[in-house]
Amino acid sequence: MSDHVFRAPKGTRDILWPDSARWRTLVEVFSEVVGSAGYLEVIPPIFEHVEVFQRLGEATDVVRKEMYSFEDKGGRTIALRPEQTASVVRAFAEHRPALPYKAWYAGPNFRYERAQKGRFRQFEQVGVEVLGPTDPHLDAEVIALGWRFYERLGLRRVTLLVNSLGTAADRARYVEALRTHFTVDQDALSEESRATLESNPLRVLDSRREADAPLIAAAPRMLDHLSGDAAAHFAGVTAALDAVGVPYIISPRLVRGLDYYVRTTFEFATEALDAAQNAVGGGGRYDGLAAELGAPDTPGVGFALGVDRTLLACDAEGVFDAPAAAVDVFVVDVTGGDEAVVLTDLIRADGLRADRAWDGRSMKAQMRAADRSAARLAVIVGEDEKAAGTVTVRDLRGDSEQETVTRDQMIQTLRTRLR
RNA sequence: GUGAUCGUAGCUCAGUCUGGUUAGAGCGCCUGGUUGUGGUCCAGGAGGUCGCGGGUUCAAAUCCCGUCGGUCACCCCA
(Lines give C-alpha, C1' and ligand atoms only; values in the text may rest on other atoms or scores of the structure.)
Protein backbone atom coordinates (compact mmCIF):
# COMPACT_ATOMS: atom_id res chain seq x y z
CA MET A 1 0.00 0.00 0.00
CA SER A 2 1.15 3.48 -0.81
CA ASP A 3 2.00 5.72 2.12
CA HIS A 4 -0.29 8.41 0.77
CA VAL A 5 -4.08 8.11 0.66
CA PHE A 6 -5.60 10.17 -2.10
CA ARG A 7 -8.83 11.99 -1.40
CA ALA A 8 -11.57 13.19 -3.68
CA PRO A 9 -10.98 16.86 -4.57
CA LYS A 10 -12.51 19.53 -2.35
CA GLY A 11 -16.21 19.86 -2.90
CA THR A 12 -16.57 16.45 -4.55
CA ARG A 13 -17.40 13.10 -3.06
CA ASP A 14 -17.93 9.46 -3.87
CA ILE A 15 -21.50 8.24 -3.83
CA LEU A 16 -21.30 4.69 -2.53
CA TRP A 17 -24.09 2.18 -2.20
CA PRO A 18 -26.71 2.52 -0.76
CA ASP A 19 -26.63 6.25 -1.58
CA SER A 20 -26.00 5.36 -5.21
CA ALA A 21 -29.19 3.26 -5.18
CA ARG A 22 -31.21 6.19 -3.86
CA TRP A 23 -29.65 8.39 -6.54
CA ARG A 24 -30.75 5.97 -9.25
CA THR A 25 -34.25 5.66 -7.82
CA LEU A 26 -34.63 9.43 -7.84
CA VAL A 27 -33.63 9.73 -11.49
CA GLU A 28 -35.93 6.84 -12.44
CA VAL A 29 -38.90 8.44 -10.71
CA PHE A 30 -38.10 11.73 -12.37
CA SER A 31 -37.89 10.22 -15.85
CA GLU A 32 -41.22 8.46 -15.30
CA VAL A 33 -42.98 11.62 -14.14
CA VAL A 34 -41.75 13.85 -16.96
CA GLY A 35 -42.00 10.98 -19.43
CA SER A 36 -45.71 10.83 -18.65
CA ALA A 37 -45.94 14.34 -20.10
CA GLY A 38 -44.05 13.55 -23.29
CA TYR A 39 -40.66 14.93 -22.31
CA LEU A 40 -37.71 13.16 -23.94
CA GLU A 41 -34.18 12.93 -22.64
CA VAL A 42 -31.37 15.15 -23.91
CA ILE A 43 -27.73 14.56 -22.99
CA PRO A 44 -25.66 17.67 -23.67
CA PRO A 45 -21.87 17.76 -23.21
CA ILE A 46 -20.45 18.46 -19.81
CA PHE A 47 -18.38 21.37 -21.13
CA GLU A 48 -19.16 24.15 -23.60
CA HIS A 49 -17.52 27.18 -25.12
CA VAL A 50 -17.36 29.64 -22.26
CA GLU A 51 -19.41 32.20 -24.21
CA VAL A 52 -22.48 29.96 -23.95
CA PHE A 53 -22.55 30.51 -20.20
CA GLN A 54 -21.50 34.14 -20.35
CA ARG A 55 -24.82 34.79 -22.07
CA LEU A 56 -26.47 33.91 -18.76
CA GLY A 57 -25.52 37.36 -17.54
CA GLU A 58 -22.27 38.94 -16.47
CA ALA A 59 -23.86 40.06 -13.21
CA THR A 60 -24.46 36.55 -11.90
CA ASP A 61 -21.92 35.06 -9.52
CA VAL A 62 -22.39 31.71 -11.19
CA VAL A 63 -20.77 33.14 -14.30
CA ARG A 64 -18.55 35.83 -12.85
CA LYS A 65 -16.65 33.99 -10.16
CA GLU A 66 -17.74 30.37 -9.88
CA MET A 67 -17.09 29.00 -13.34
CA TYR A 68 -14.61 26.22 -14.05
CA SER A 69 -13.12 27.61 -17.24
CA PHE A 70 -9.84 26.74 -18.91
CA GLU A 71 -8.06 26.78 -22.22
CA ASP A 72 -7.86 23.44 -23.98
CA LYS A 73 -4.92 22.20 -26.05
CA GLY A 74 -6.47 23.68 -29.16
CA GLY A 75 -6.59 27.16 -27.65
CA ARG A 76 -10.37 27.17 -27.11
CA THR A 77 -11.74 28.63 -23.91
CA ILE A 78 -13.92 25.95 -22.39
CA ALA A 79 -16.08 25.90 -19.27
CA LEU A 80 -17.51 23.02 -17.28
CA ARG A 81 -21.23 23.67 -17.25
CA PRO A 82 -22.48 25.48 -14.11
CA GLU A 83 -26.06 24.53 -15.05
CA GLN A 84 -27.78 22.83 -17.96
CA THR A 85 -30.38 25.28 -19.23
CA ALA A 86 -27.81 27.12 -21.30
CA SER A 87 -26.50 23.84 -22.76
CA VAL A 88 -29.97 22.58 -23.64
CA VAL A 89 -30.95 25.88 -25.24
CA ARG A 90 -27.65 25.91 -27.14
CA ALA A 91 -28.42 22.39 -28.38
CA PHE A 92 -31.86 23.61 -29.39
CA ALA A 93 -30.34 26.53 -31.32
CA GLU A 94 -27.92 24.18 -33.03
CA HIS A 95 -30.35 21.40 -34.05
CA ARG A 96 -33.68 23.21 -34.23
CA PRO A 97 -35.91 20.28 -33.25
CA ALA A 98 -39.63 20.58 -33.94
CA LEU A 99 -41.69 22.81 -31.64
CA PRO A 100 -42.68 22.51 -28.96
CA TYR A 101 -39.38 21.00 -27.88
CA LYS A 102 -39.86 19.26 -24.53
CA ALA A 103 -36.68 17.85 -23.03
CA TRP A 104 -35.49 16.48 -19.69
CA TYR A 105 -31.98 15.88 -18.43
CA ALA A 106 -30.01 14.54 -15.49
CA GLY A 107 -26.36 15.01 -14.76
CA PRO A 108 -23.54 16.84 -13.02
CA ASN A 109 -22.81 20.57 -12.98
CA PHE A 110 -19.77 22.38 -11.64
CA ARG A 111 -19.36 25.57 -9.65
CA TYR A 112 -16.21 26.73 -7.92
CA GLU A 113 -17.43 27.73 -4.47
CA ARG A 114 -16.95 26.91 -0.81
CA ALA A 115 -18.50 23.54 -0.15
CA GLN A 116 -20.86 22.88 2.71
CA LYS A 117 -23.78 20.64 3.45
CA GLY A 118 -25.94 20.29 0.36
CA ARG A 119 -23.55 22.38 -1.68
CA PHE A 120 -20.76 20.85 -3.70
CA ARG A 121 -18.42 21.84 -6.49
CA GLN A 122 -19.74 18.94 -8.54
CA PHE A 123 -23.46 18.63 -7.99
CA GLU A 124 -26.26 16.80 -9.73
CA GLN A 125 -29.41 18.23 -11.18
CA VAL A 126 -32.43 16.87 -12.98
CA GLY A 127 -34.58 19.24 -14.99
CA VAL A 128 -36.83 20.00 -17.91
CA GLU A 129 -36.83 22.67 -20.59
CA VAL A 130 -39.55 23.52 -23.10
CA LEU A 131 -38.96 25.75 -26.10
CA GLY A 132 -41.74 27.20 -28.20
CA PRO A 133 -45.06 28.10 -26.59
CA THR A 134 -45.78 31.30 -24.68
CA ASP A 135 -48.92 29.75 -23.21
CA PRO A 136 -49.19 30.30 -19.43
CA HIS A 137 -50.64 26.78 -19.22
CA LEU A 138 -47.20 25.51 -20.19
CA ASP A 139 -45.61 27.35 -17.26
CA ALA A 140 -48.20 25.65 -15.06
CA GLU A 141 -47.47 22.23 -16.61
CA VAL A 142 -43.77 22.62 -15.94
CA ILE A 143 -44.34 23.75 -12.35
CA ALA A 144 -46.85 20.97 -11.74
CA LEU A 145 -44.42 18.34 -13.04
CA GLY A 146 -41.87 19.44 -10.46
CA TRP A 147 -44.54 19.26 -7.80
CA ARG A 148 -45.72 15.80 -8.89
CA PHE A 149 -42.16 14.55 -8.88
CA TYR A 150 -41.67 15.49 -5.24
CA GLU A 151 -45.04 13.93 -4.48
CA ARG A 152 -44.12 10.67 -6.22
CA LEU A 153 -40.83 10.54 -4.33
CA GLY A 154 -42.81 10.71 -1.11
CA LEU A 155 -41.79 14.18 0.08
CA ARG A 156 -44.51 15.97 2.03
CA ARG A 157 -42.77 19.05 3.34
CA VAL A 158 -42.09 20.83 0.06
CA THR A 159 -43.41 24.35 -0.49
CA LEU A 160 -43.87 25.95 -3.90
CA LEU A 161 -43.16 29.67 -4.21
CA VAL A 162 -44.19 31.52 -7.37
CA ASN A 163 -43.70 35.04 -8.62
CA SER A 164 -43.65 37.02 -11.84
CA LEU A 165 -40.86 39.32 -12.90
CA GLY A 166 -43.00 40.67 -15.74
CA THR A 167 -41.79 41.32 -19.24
CA ALA A 168 -38.24 42.46 -19.84
CA ALA A 169 -39.53 46.05 -19.85
CA ASP A 170 -41.51 45.51 -16.62
CA ARG A 171 -38.47 44.07 -15.03
CA ALA A 172 -36.30 47.02 -16.04
CA ARG A 173 -38.85 49.49 -14.63
CA TYR A 174 -39.09 47.53 -11.42
CA VAL A 175 -35.32 47.43 -11.00
CA GLU A 176 -35.27 51.22 -11.22
CA ALA A 177 -38.04 51.53 -8.64
CA LEU A 178 -36.06 49.26 -6.34
CA ARG A 179 -32.85 51.17 -6.92
CA THR A 180 -34.60 54.38 -5.93
CA HIS A 181 -36.18 52.81 -2.86
CA PHE A 182 -32.94 51.37 -1.52
CA THR A 183 -30.73 54.29 -2.49
CA VAL A 184 -32.81 56.80 -0.53
CA ASP A 185 -32.18 54.88 2.70
CA GLN A 186 -28.97 53.14 1.82
CA ASP A 187 -27.35 54.00 5.14
CA ALA A 188 -29.81 51.57 6.69
CA LEU A 189 -28.57 48.75 4.47
CA SER A 190 -25.77 46.39 5.34
CA GLU A 191 -22.45 47.06 3.69
CA GLU A 192 -22.78 43.94 1.54
CA SER A 193 -26.21 44.96 0.33
CA ARG A 194 -24.98 48.41 -0.63
CA ALA A 195 -22.46 46.71 -2.88
CA THR A 196 -25.17 44.45 -4.31
CA LEU A 197 -27.33 47.51 -4.93
CA GLU A 198 -24.72 48.84 -7.32
CA SER A 199 -24.62 45.76 -9.52
CA ASN A 200 -28.06 44.20 -9.19
CA PRO A 201 -30.80 45.83 -7.06
CA LEU A 202 -33.05 42.76 -7.45
CA ARG A 203 -30.64 40.64 -5.48
CA VAL A 204 -30.88 42.91 -2.44
CA LEU A 205 -34.30 41.34 -1.92
CA ASP A 206 -32.52 38.02 -1.36
CA SER A 207 -30.41 39.21 1.57
CA ARG A 208 -30.71 37.18 4.76
CA ARG A 209 -29.00 39.84 6.87
CA GLU A 210 -31.20 41.10 9.68
CA ALA A 211 -30.16 44.72 9.19
CA ASP A 212 -31.74 44.70 5.73
CA ALA A 213 -35.08 43.23 6.76
CA PRO A 214 -37.04 46.48 7.43
CA LEU A 215 -36.06 48.12 4.15
CA ILE A 216 -36.78 44.92 2.20
CA ALA A 217 -40.18 44.62 3.83
CA ALA A 218 -40.99 48.17 2.77
CA ALA A 219 -39.70 47.70 -0.79
CA PRO A 220 -42.09 48.03 -3.75
CA ARG A 221 -43.57 44.72 -4.89
CA MET A 222 -42.86 43.29 -8.30
CA LEU A 223 -46.45 42.24 -8.77
CA ASP A 224 -47.48 45.91 -8.58
CA HIS A 225 -45.22 46.72 -11.52
CA LEU A 226 -46.53 44.20 -14.01
CA SER A 227 -47.85 45.36 -17.35
CA GLY A 228 -51.36 44.21 -18.29
CA ASP A 229 -49.91 41.53 -20.54
CA ALA A 230 -47.62 40.11 -17.84
CA ALA A 231 -50.32 40.28 -15.19
CA ALA A 232 -52.71 38.33 -17.43
CA HIS A 233 -50.03 35.72 -18.10
CA PHE A 234 -49.34 35.28 -14.41
CA ALA A 235 -53.07 35.00 -13.69
CA GLY A 236 -53.21 32.25 -16.31
CA VAL A 237 -50.42 30.36 -14.59
CA THR A 238 -51.97 30.52 -11.12
CA ALA A 239 -55.43 29.64 -12.44
CA ALA A 240 -54.02 26.50 -14.08
CA LEU A 241 -52.20 25.53 -10.88
CA ASP A 242 -55.46 25.99 -8.99
CA ALA A 243 -57.26 23.84 -11.54
CA VAL A 244 -54.91 20.89 -11.03
CA GLY A 245 -54.71 21.31 -7.28
CA VAL A 246 -51.06 22.22 -6.94
CA PRO A 247 -50.71 24.44 -3.87
CA TYR A 248 -48.44 27.48 -4.11
CA ILE A 249 -47.53 30.62 -2.26
CA ILE A 250 -47.24 33.86 -4.20
CA SER A 251 -43.91 35.28 -3.12
CA PRO A 252 -43.47 38.83 -4.46
CA ARG A 253 -39.85 39.02 -3.36
CA LEU A 254 -38.73 35.75 -4.89
CA VAL A 255 -35.65 36.50 -6.97
CA ARG A 256 -33.65 33.83 -8.69
CA GLY A 257 -29.96 33.80 -9.29
CA LEU A 258 -29.85 33.53 -13.04
CA ASP A 259 -30.51 36.78 -14.85
CA TYR A 260 -32.30 35.32 -17.85
CA TYR A 261 -35.66 34.83 -16.16
CA VAL A 262 -38.70 36.90 -17.18
CA ARG A 263 -42.36 36.52 -16.34
CA THR A 264 -42.90 33.36 -14.24
CA THR A 265 -40.31 32.32 -11.68
CA PHE A 266 -40.70 29.69 -9.02
CA GLU A 267 -38.81 27.82 -6.38
CA PHE A 268 -39.33 24.59 -4.44
CA ALA A 269 -38.26 24.84 -0.81
CA THR A 270 -38.30 22.13 1.83
CA GLU A 271 -39.07 22.64 5.48
CA ALA A 272 -37.13 19.48 6.23
CA LEU A 273 -33.78 21.21 5.73
CA ASP A 274 -32.12 24.28 7.26
CA ALA A 275 -32.57 27.58 5.49
CA ALA A 276 -29.10 27.55 3.95
CA GLN A 277 -29.94 24.61 1.72
CA ASN A 278 -33.74 24.57 1.75
CA ALA A 279 -34.02 25.53 -1.92
CA VAL A 280 -34.28 22.14 -3.58
CA GLY A 281 -35.26 23.35 -7.03
CA GLY A 282 -36.30 26.30 -9.08
CA GLY A 283 -36.97 27.62 -12.51
CA GLY A 284 -38.88 30.02 -14.63
CA ARG A 285 -39.47 31.45 -18.06
CA TYR A 286 -36.54 32.64 -20.19
CA ASP A 287 -38.06 34.06 -23.35
CA GLY A 288 -34.93 35.82 -24.57
CA LEU A 289 -32.32 33.13 -24.06
CA ALA A 290 -32.70 31.19 -27.32
CA ALA A 291 -32.18 34.38 -29.33
CA GLU A 292 -29.11 35.18 -27.22
CA LEU A 293 -27.66 31.81 -28.25
CA GLY A 294 -28.28 32.31 -31.95
CA ALA A 295 -31.67 30.69 -32.52
CA PRO A 296 -34.69 32.55 -33.89
CA ASP A 297 -36.43 34.27 -31.00
CA THR A 298 -38.09 31.34 -29.20
CA PRO A 299 -39.69 31.50 -25.74
CA GLY A 300 -38.68 28.93 -23.15
CA VAL A 301 -39.53 27.71 -19.67
CA GLY A 302 -37.99 25.09 -17.40
CA PHE A 303 -36.65 24.12 -14.02
CA ALA A 304 -33.70 22.40 -12.40
CA LEU A 305 -33.91 20.36 -9.22
CA GLY A 306 -30.94 19.64 -7.00
CA VAL A 307 -30.49 15.89 -6.63
CA ASP A 308 -28.17 16.15 -3.63
CA ARG A 309 -30.49 18.39 -1.64
CA THR A 310 -33.58 16.47 -2.66
CA LEU A 311 -31.90 13.31 -1.36
CA LEU A 312 -31.07 15.16 1.86
CA ALA A 313 -34.74 16.06 2.16
CA CYS A 314 -35.67 12.42 1.47
CA ASP A 315 -33.41 11.31 4.31
CA ALA A 316 -34.86 13.96 6.62
CA GLU A 317 -38.37 12.76 5.81
CA GLY A 318 -37.38 9.09 5.82
CA VAL A 319 -38.98 8.30 2.48
CA PHE A 320 -36.66 5.49 1.46
CA ASP A 321 -37.01 1.95 2.74
CA ALA A 322 -34.03 0.00 3.98
CA PRO A 323 -31.82 -1.03 1.07
CA ALA A 324 -32.75 -4.34 -0.55
CA ALA A 325 -30.52 -7.39 -0.54
CA ALA A 326 -27.96 -7.55 -3.34
CA VAL A 327 -28.55 -11.23 -4.11
CA ASP A 328 -31.21 -13.92 -3.69
CA VAL A 329 -28.96 -16.91 -3.17
CA PHE A 330 -25.53 -17.41 -1.60
CA VAL A 331 -23.51 -20.46 -2.56
CA VAL A 332 -21.43 -22.06 0.19
CA ASP A 333 -18.88 -24.50 -1.22
CA VAL A 334 -16.52 -26.30 1.16
CA THR A 335 -15.08 -28.65 -1.43
CA GLY A 336 -12.57 -26.15 -2.74
CA GLY A 337 -14.66 -23.71 -4.74
CA ASP A 338 -15.01 -25.43 -8.12
CA GLU A 339 -18.65 -26.33 -7.40
CA ALA A 340 -19.46 -22.70 -6.61
CA VAL A 341 -18.11 -21.62 -10.00
CA VAL A 342 -20.68 -23.79 -11.78
CA LEU A 343 -23.61 -23.37 -9.39
CA THR A 344 -23.52 -19.56 -9.31
CA ASP A 345 -23.42 -19.58 -13.11
CA LEU A 346 -26.45 -21.90 -13.32
CA ILE A 347 -28.45 -19.82 -10.84
CA ARG A 348 -27.60 -16.55 -12.56
CA ALA A 349 -28.46 -17.99 -15.97
CA ASP A 350 -31.94 -18.69 -14.63
CA GLY A 351 -32.38 -15.03 -13.74
CA LEU A 352 -31.78 -15.22 -10.01
CA ARG A 353 -29.03 -13.25 -8.35
CA ALA A 354 -26.26 -15.28 -6.72
CA ASP A 355 -23.00 -14.64 -4.93
CA ARG A 356 -20.44 -16.83 -3.17
CA ALA A 357 -17.42 -16.68 -0.86
CA TRP A 358 -13.82 -16.63 -1.98
CA ASP A 359 -10.36 -17.79 -0.98
CA GLY A 360 -11.44 -21.21 0.33
CA ARG A 361 -12.66 -20.01 3.70
CA SER A 362 -14.10 -22.25 6.41
CA MET A 363 -17.74 -23.23 6.37
CA LYS A 364 -18.38 -21.04 9.39
CA ALA A 365 -16.85 -18.06 7.61
CA GLN A 366 -18.80 -18.81 4.43
CA MET A 367 -22.08 -19.12 6.32
CA ARG A 368 -21.36 -15.80 8.01
CA ALA A 369 -20.76 -14.25 4.61
CA ALA A 370 -24.02 -15.78 3.40
CA ASP A 371 -25.86 -14.22 6.33
CA ARG A 372 -24.32 -10.80 5.75
CA SER A 373 -25.14 -10.88 2.07
CA ALA A 374 -28.80 -10.68 3.10
CA ALA A 375 -29.59 -13.47 0.63
CA ARG A 376 -32.75 -15.39 1.48
CA LEU A 377 -31.33 -18.79 0.63
CA ALA A 378 -28.01 -20.61 0.92
CA VAL A 379 -26.99 -23.42 -1.40
CA ILE A 380 -24.51 -25.61 0.46
CA VAL A 381 -22.13 -28.07 -1.17
CA GLY A 382 -19.82 -30.29 0.86
CA GLU A 383 -18.06 -33.54 0.02
CA ASP A 384 -21.28 -35.55 0.55
CA GLU A 385 -23.30 -33.43 -1.90
CA LYS A 386 -20.47 -33.39 -4.38
CA ALA A 387 -20.27 -37.19 -4.35
CA ALA A 388 -24.04 -37.60 -4.57
CA GLY A 389 -24.60 -34.91 -7.18
CA THR A 390 -26.88 -32.97 -4.85
CA VAL A 391 -27.02 -29.60 -3.09
CA THR A 392 -28.46 -28.58 0.27
CA VAL A 393 -30.81 -25.60 0.22
CA ARG A 394 -31.12 -23.72 3.48
CA ASP A 395 -33.45 -20.85 4.35
CA LEU A 396 -31.44 -18.04 5.96
CA ARG A 397 -34.39 -15.83 6.90
CA GLY A 398 -37.11 -18.19 8.05
CA ASP A 399 -37.24 -21.36 10.10
CA SER A 400 -38.19 -23.94 7.49
CA GLU A 401 -36.18 -27.18 7.30
CA GLN A 402 -33.21 -27.35 4.99
CA GLU A 403 -33.43 -29.97 2.27
CA THR A 404 -31.04 -31.81 0.02
CA VAL A 405 -32.08 -32.08 -3.62
CA THR A 406 -30.53 -33.21 -6.87
CA ARG A 407 -28.85 -30.65 -9.06
CA ASP A 408 -31.67 -30.96 -11.58
CA GLN A 409 -34.13 -29.93 -8.89
CA MET A 410 -32.03 -27.06 -7.54
CA ILE A 411 -33.47 -24.18 -9.59
CA GLN A 412 -37.04 -25.38 -9.05
CA THR A 413 -36.42 -25.64 -5.30
CA LEU A 414 -34.89 -22.16 -5.15
CA ARG A 415 -37.78 -20.69 -7.14
CA THR A 416 -40.37 -22.32 -4.90
CA ARG A 417 -38.69 -21.19 -1.70
CA LEU A 418 -38.20 -17.62 -2.92
CA ARG A 419 -41.84 -17.25 -3.81
C1' G B 1 -14.24 35.14 -1.28
C1' U B 2 -15.13 36.50 4.54
C1' G B 3 -15.73 34.72 9.65
C1' A B 4 -16.04 30.55 13.11
C1' U B 5 -15.29 25.58 14.49
C1' C B 6 -13.54 20.61 14.09
C1' G B 7 -9.82 16.69 12.21
C1' U B 8 -7.43 10.31 17.22
C1' A B 9 -8.53 2.58 14.42
C1' G B 10 -13.06 0.88 8.66
C1' C B 11 -17.31 3.70 11.61
C1' U B 12 -18.99 6.61 16.14
C1' C B 13 -16.12 8.74 19.80
C1' A B 14 -13.02 9.31 24.86
C1' G B 15 -8.15 11.35 25.90
C1' U B 16 -6.25 17.71 24.31
C1' C B 17 -8.04 22.83 28.77
C1' U B 18 -3.89 21.35 33.49
C1' G B 19 2.48 18.18 27.79
C1' G B 20 5.08 12.78 30.85
C1' U B 21 4.90 4.85 31.35
C1' U B 22 3.67 0.22 25.31
C1' A B 23 -2.81 5.97 22.68
C1' G B 24 -8.19 3.62 24.63
C1' A B 25 -13.73 2.12 24.18
C1' G B 26 -18.07 0.51 21.53
C1' C B 27 -19.51 -1.23 16.80
C1' G B 28 -17.40 -3.63 12.54
C1' C B 29 -13.54 -7.19 10.77
C1' C B 30 -10.50 -12.00 11.39
C1' U B 31 -9.67 -16.80 14.07
C1' G B 32 -11.32 -20.35 17.52
C1' G B 33 -15.06 -22.63 20.96
C1' U B 34 -18.62 -25.95 17.24
C1' U B 35 -12.84 -30.95 12.05
C1' G B 36 -20.73 -29.97 7.65
C1' U B 37 -24.16 -24.94 9.18
C1' G B 38 -24.91 -18.20 9.71
C1' G B 39 -27.76 -14.84 12.80
C1' U B 40 -27.09 -15.13 20.01
C1' C B 41 -23.06 -16.11 23.46
C1' C B 42 -17.79 -16.79 25.07
C1' A B 43 -12.34 -16.42 24.21
C1' G B 44 -8.41 -14.52 21.44
C1' G B 45 -6.49 -11.40 17.42
C1' A B 46 -5.52 -7.85 13.52
C1' G B 47 -5.98 -2.73 12.68
C1' G B 48 -3.58 3.99 14.39
C1' U B 49 3.16 7.94 11.04
C1' C B 50 -3.31 10.96 16.70
C1' G B 51 -4.99 14.97 8.71
C1' C B 52 -0.08 16.84 6.86
C1' G B 53 4.42 20.06 7.56
C1' G B 54 7.27 23.00 10.74
C1' G B 55 8.30 25.12 15.69
C1' U B 56 8.67 25.23 21.32
C1' U B 57 10.33 21.46 25.00
C1' C B 58 14.37 16.75 28.34
C1' A B 59 9.42 15.09 26.51
C1' A B 60 3.85 16.86 21.93
C1' A B 61 -2.40 13.45 20.18
C1' U B 62 -2.05 17.51 23.94
C1' C B 63 1.11 24.16 23.33
C1' C B 64 2.35 27.64 18.84
C1' C B 65 2.49 28.66 13.39
C1' G B 66 1.33 27.14 8.54
C1' U B 67 -1.30 23.99 5.31
C1' C B 68 -5.04 20.48 3.54
C1' G B 69 -9.89 18.60 4.47
C1' G B 70 -14.92 18.47 6.91
C1' U B 71 -18.84 21.39 9.13
C1' C B 72 -21.62 26.04 10.23
C1' A B 73 -22.87 31.20 9.15
C1' C B 74 -22.37 35.11 5.45
C1' C B 75 -22.14 35.32 0.15
C1' C B 76 -24.37 32.56 -3.64
C1' C B 77 -27.33 28.79 -5.19
C1' A B 78 -29.58 23.33 -6.32
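Because only heavy atoms are used, hydrogens play no part in the values below, and waters and symmetry mates are left out as well, while side chains stay in. Letters A, B, ... are given to chains in the order of the sequence lines, protein chains preceding strands, and every chain is numbered from 1.
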Original post:
When all nucleic acid strands are considered with a 4.0 Å heavy-atom cut-off, which category describes A:V280: base, sugar-phosphate, or nothing?
Top reply: sugar-phosphate
Between the protein and nucleotides 39-45 of chain B, which nitrogen or oxygen pairs come in under 3.5 angstrom?
from  : atom 1 : to     : atom 2 : distance (Å)
B:G39 : O4'    : A:D371 : OD2    : 3.2

Original post:
When the C1' atoms of B:C76 and B:C64 are considered, how many whole Å apart are they?
Top reply: 35 Å
**OP:** Name the nucleic acid region contacted by A:T310, choosing base, sugar-phosphate or nothing; use a 4.0 angstrom heavy-atom cut-off, strictly under.
**Re:** nothing
Original post:
Does B:A23 have a Watson-Crick or wobble partner in any strand here, with both distances under 3.5 angstrom, and which is it?
Top reply: none
Original post:
Side chain of A:Q402, base of B:U37: donor and acceptor closer than 3.5 Å?
Top reply: yes
Subject >> A:D206 CG to B:C74 C1', straight-line distance once rounded to whole Å >> reply: 13 Å
**OP:** Can you label the angle between the A:F266 ring and the A:F303 ring as parallel, tilted or perpendicular, going by 30° and 60°?
**Re:** perpendicular
Original post:
Knowing that exactly one of A:D135, A:D139, A:D287 qualifies, which makes a salt bridge (charged side-chain N to carboxylate O under 4.0 Å, His left out) with A:R263?
Top reply: A:D287
Original post:
B:G36, B:C30, B:C76: which one has an atom nearest the side-chain heavy atoms of A:T196?
Top reply: B:C76
Subject >> Any strand: nucleotide that pairs with B:U56 via Watson-Crick or wobble, under 3.5 Å >> reply: none
Original post:
Is any side-chain N or O of A:E267 under 3.5 Å from a base N or O of B:A78, one able to act as donor and the other as acceptor?
Top reply: no
**OP:** Determine, for A:W358 and A:R356, whether the Lys NZ or Arg CZ falls below 6.0 Å from the six-membered ring centre while staying within 45 degrees of the axis.
**Re:** yes
Original post:
Which of the following nucleotides, B:U37, B:C75, B:U71, is nearest to the side chain of A:K65?
Top reply: B:C75
**OP:** Could you tell me whether A:A279 contacts a base, only the sugar-phosphate backbone, or nothing, with contacts defined as non-hydrogen atoms closer than 4.0 Å?
**Re:** sugar-phosphate
Original post:
Pick one: which of A:R419, A:R353, A:R397 meets salt bridge (charged side-chain N to carboxylate O under 4.0 Å, His left out) with A:D328?
Top reply: A:R353
Original post:
Under 4.0 angstrom, heavy atoms only, what part of the nucleic acid is A:E385 near: base, sugar-phosphate, or nothing?
Top reply: base
Original post:
Looking at A:R55 and A:E48, does any basic side-chain N land under 4.0 Å from a carboxylate oxygen?
Top reply: no
**OP:** Go through the N and O atoms of the side chain of A:R114 and the base of B:G3, and report whether any donor-acceptor pair is under 3.5 Å.
**Re:** yes
Original post:
To the nearest Å, how far apart are A:E113 CD and B:C76 P?
Top reply: 11 Å
Subject >> Atom-pair distance (CG on A:D212; P on B:C76), nearest Å >> reply: 10 Å
Original post:
Nearest to the side chain of A:D308, which nucleotide is it out of B:C72, B:G36, B:A78?
Top reply: B:A78
**OP:** Classify the nucleic acid contact of A:D384 as base, sugar-phosphate or nothing, counting any heavy atom under 4.0 Å across all strands shown.
**Re:** base
Original post:
What's the CG-P distance between A:D333 and B:U37, to the nearest Å?
Top reply: 16 Å
**OP:** Output yes when A:E66 and A:R121 qualify as a salt bridge under the 4.0 Å nitrogen-oxygen rule, no when they do not.
**Re:** no
**OP:** Kindly point out which of B:U31, B:A73, B:G38 is positioned nearest to the side chain of A:M367?
**Re:** B:G38
**OP:** Using the ring of A:F53 (Phe, Tyr or Trp, six-membered ring only), decide whether A:R81 places NZ or CZ under 6.0 Å from its centre and within 45 degrees of its axis.
**Re:** no
Subject >> Which residue lies more 5' along RNA chain B, comparing A:G306 with A:T12 via nearest heavy atoms >> reply: A:T12
Subject >> Charged N-O contact under 4.0 Å between A:E271 and A:R156 >> reply: no
Subject >> From B:U37, B:G1, B:C30, nucleotide with atom closest to A:R361 side chain >> reply: B:C30
**OP:** Any pair with a residue in residues 11-30 of chain A that passes salt bridge (Lys or Arg N to Asp or Glu O under 4.0 Å), sequence neighbours left out, goes on the list, sorted by first then second residue, please.
**Re:** A:R13-A:D308, A:D19-A:R22, A:R22-A:D315
**OP:** Scan A:F120 against the nucleic acid and name what it touches under 4.0 Å (heavy atoms): base, sugar-phosphate only, or nothing.
**Re:** base
**OP:** Looking at every strand, decide which applies to A:G11 at a 4.0 Å heavy-atom threshold: base, sugar-phosphate, or nothing.
**Re:** sugar-phosphate
**OP:** Answer yes or no: does a side-chain N or O of A:S207 lie under 4.0 Å from OP1 or OP2 of B:C75?
**Re:** yes
Original post:
Say you pick atom P in B:A25 and the same atom in B:G47; how far apart are they, in whole Å?
Top reply: 14 Å
Original post:
Where the side chain of A:R119 is defined as all heavy atoms beyond and including C-beta, which of B:G69, B:U71, B:A78 is the nearest nucleotide?
Top reply: B:A78
Subject >> Proximity to the side chain of A:M363 - top-ranked nucleotide from B:G69, B:C74, B:U37 >> reply: B:U37
Original post:
Taking CG from A:L312 and C1' from B:U71, how many angstroms apart are they, rounded to a whole number?
Top reply: 13 Å
Original post:
A:I380 near the nucleic acid: base, sugar-phosphate alone, or nothing, with a heavy-atom cut-off under 4.0 Å?
Top reply: base
Subject >> Identified pairing partner of B:G36, criterion: Watson-Crick or G-U wobble below 3.5 Å >> reply: none
